[in-house]
Amino acid sequence: MSRRPLRIGLSARIYHPVVGATGLQSKSLQYLEQSVAHWVMSRNVMVFMIPAVSGDAIVHRSSIRLSDYPDYLDGLILQGGADVSPQSYGEEPLHPDWAGDRVRDAYEMELLHEFMEAGKAVLGICRGAQLINVALGGTLHQDIATQIETAGEHVHGDYDRHSHAVEWIAGSGLAKLYPGEGGGRVVSIHHQAIRALGRELRVEARSSGDGVIEAIRLQGRPYVLGLQWHPEFHPPGSEELLDCTPILDEFLAAARGRLW
C-alpha cells in the first residue's frame with residue numbers, strides 16, 4: 001500500500017456578489033472555514049478545496065469536471081454554511097431568510113454523487129449532513145423553532161460556544177465507536193434539521209430531550225456519515241465536549257480503504 005498522505009477534498013462555501021457592491025464584494029468567492037481544514041490536517045492529511053466548476057468567471061473553465069476529482073482524492077468532506085434551499089427538496093421557503101443557496105446545493109449534490117459512485121468515503125458536517133439527506137431524497141425542517149414545538153435551543157448568539165447533549169441510537173455505528181458512552185455534548189449551530197430520512201439512511205444520534213436527528217449514516221457501502229454538529233469546534237482534550245477524534249479516524253480509515 002502506498003504510504004503517501006491521504007488527500008481529502010473539501011466542498012467550497014460560496015459567497016455570491018452583493019448587488020451594487022464594488023471590490024471583493026462584487027465578485028463570486030469560493031472559500032473554506034479554516035477550523036474544519038485544520039481539524040482534518042491534524043491527522044497529517046492533505047486537504048484540497050474543490051471549487052465549483054461553473055459560474056460567472058471571466059476565464060472559462062477547462063474540461064475538468066467534478067467527476068474527475070474522486071480519481072485523485074481519497075474522500076470528501078461537505079462543510080457547513082448557508083441553508084439548503086427548500087426548493088431542493090420540493091418546497092417553497094416559508095420565510096425569505098430561509099431561501100438557502102440552490103447554486104451550492106446543485107454543486108454539492110453532484111460532488112456527493114460522484115464520490116459515492118466512485119466508492120469514496122464522505123463526511124458531512126452540519127449543512128453537509130442536511131445536504132446528504134436531501135440528495136438521497138429526504139426533507140428538512142425549514143426552521144426548528146417554529147416547526148418543532150418541543151425543540152430545545154440549537155442555535156445561539158454564542159455561536160461556536162453553544163452546545164447541547166446528543167444520545168447514540170442503540171446498535172448504531174457511533175454507539176459502537178464510543179463503547180460505554182451513551183452520547184456527549186456537541187457544538188450546535190443550526191436552525192434547520194432533518195425531517196424525513198433519505199434513501200438507505202439510518203439515524204445514528206438524536207438530540208437529548210427533543211429528539212432532533214443529529215447524525216445519519218448510509219447503510220452498506222460506501223462510507224457516508226453526516227453529523228449535524230461541528231466537530232471542528234471541539235477543542236482537543238475538552239472535558240465538556242465530545243471527543244470527535246474517533247469519528248475523524250474512522251472516516252480517514254474508510255478513505256484509506258481499511259474498513260473494506
Side-chain angles (χ1 to χ4, degrees), residues 1-2 4-16 27-33 36-37 40-41 45-85 87-90 100-138 140 197-201 216-227 248 250-260:
M1 180 185 293
S2 171
R4 67 164 175 77
L6 281 175
R7 297 185 292 226
I8 301 298
L10 267 173
S11 66
R13 292 188 181 212
I14 300 177
Y15 172 87
H16 298 286
K27 303 296 182 183
S28 292
L29 306 178
Q30 299 186 34
Y31 64 101
L32 59 82
E33 206 285 326
V36 68
V40 182
M41 292 165 66
V45 171
M46 297 183 71
V47 173
F48 300 83
M49 191 187 78
I50 305 173
V53 293
S54 61
D56 56 1
I58 295 175
V59 179
H60 294 292
R61 68 182 177 90
S62 67
S63 59
I64 294 296
R65 301 161 298 173
L66 291 180
S67 59
D68 294 317
Y69 280 96
D71 291 338
Y72 294 93
L73 300 175
D74 303 305
L76 170 68
I77 292 180
L78 300 168
Q79 61 173 324
D83 289 345
V84 174
S85 172
Q87 292 181 326
S88 293
Y89 48 93
D101 188 343
R102 203 171 184 189
V103 171
R104 182 175 170 187
D105 294 351
Y107 146 69
E108 286 189 314
M109 284 184 190
E110 181 181 355
L111 201 55
L112 169 64
H113 285 301
E114 294 294 351
F115 272 79
M116 289 180 63
E117 183 70 21
K120 298 296 180 76
V122 179
L123 176 65
I125 295 175
C126 196
R127 169 196 159 87
Q130 297 171 7
L131 191 284
I132 289 169
N133 189 63
V134 170
L136 296 178
L140 305 178
L197 273 179
R199 296 179 300 277
E200 299 184 13
L201 293 172
I216 55 174
R217 189 188 297 265
L218 183 70
Q219 300 182 69
R221 298 168 65 176
Y223 179 99
V224 179
L225 178 68
L227 308 176
L248 176 60
E250 182 188 65
F251 163 67
L252 295 178
R256 180 73 76 184
R258 289 198 296 269
L259 289 185
W260 310 139

> What are the two closest non-hydrogen atoms of Ile216 and Asn133, and how far apart are they?
Replying inline: CD1-CB, 4.1 Å

>> Distance check, rounded to the nearest 0.5 Å: Leu252 atom CG versus Tyr223 atom OH?
In response: 9.0 Å

> So, Asp68 and Arg65, do they make that salt bridge, N to O below 4.0 Å?
Replying inline: yes

> Are Leu140 and Tyr89 close enough that some pair of their side-chain heavy atoms sits under 4.5 Å apart?
Replying inline: yes

>> Give me the atom names and distance for the closest heavy-atom approach of Leu112 to Val122.
In response: CD1-CG1, 3.8 Å

> Between Gln30 and Pro51, which heavy-atom pair has the shortest distance, and what is it?
Replying inline: OE1-CA, 3.1 Å

>> Counting C-beta onward and ignoring hydrogens, is there a side-chain heavy-atom pair between Asp74 and Val45 closer than 4.5 Å?
In response: no

> Nearest heavy-atom pair of Gln219 and Leu201: which atoms, and what distance?
Replying inline: NE2-O, 4.0 Å

> How long is the gap from CG on Asp105 to CD on Gln130, to the nearest 0.5 Å?
Replying inline: 10.0 Å

>> Using a 3.5 Å distance criterion without hydrogens, assess whether the side chain of Lys120 forms a donor-acceptor pair with backbone atoms of Leu73.
In response: yes

>> To the nearest 0.5 Å, what is the distance between CG on Leu78 and CG on Leu227?
In response: 11.5 Å

> Got a second to check how far Leu32's CG is from Phe48's CZ, nearest 0.5 Å?
Replying inline: 12.5 Å

> Do other residues, nucleotides or ligands put more than 12 heavy atoms under 6.0 Å from the CD atom of Glu117?
Replying inline: no

> How many angstroms lie between atom CG of Leu6 and atom CE of Met46, to the nearest 0.5 angstrom?
Replying inline: 11.0 Å

>> Strictly below 4.0 Å, N to O, side chains only: are Arg13 and Asp101 in salt-bridge contact?
In response: no

>> Quick check: do Pro222 and Phe115 have side-chain heavy atoms less than 4.5 Å from each other?
In response: no

> Is a salt bridge present between Glu108 and Arg127, judged by a nitrogen-to-oxygen distance below 4.0 Å?
Replying inline: yes

> What closest approach, in Å, do Ala135 and His113 show between heavy atoms, and which atom pair accounts for it?
Replying inline: O-NE2, 3.6 Å

> If you look at every heavy atom in Ala12 and Arg104, which pair is closest and at what distance?
Replying inline: O-NE, 3.5 Å

>> Please report the interatomic distance CD1(Ile125) to CD(Gln79), rounded to the nearest 0.5 Å.
In response: 8.0 Å

> Quick one: which of Leu111, Val224, Leu76 gives a side-chain contact (heavy atoms from CB on, under 4.5 Å) with Met116?
Replying inline: Val224

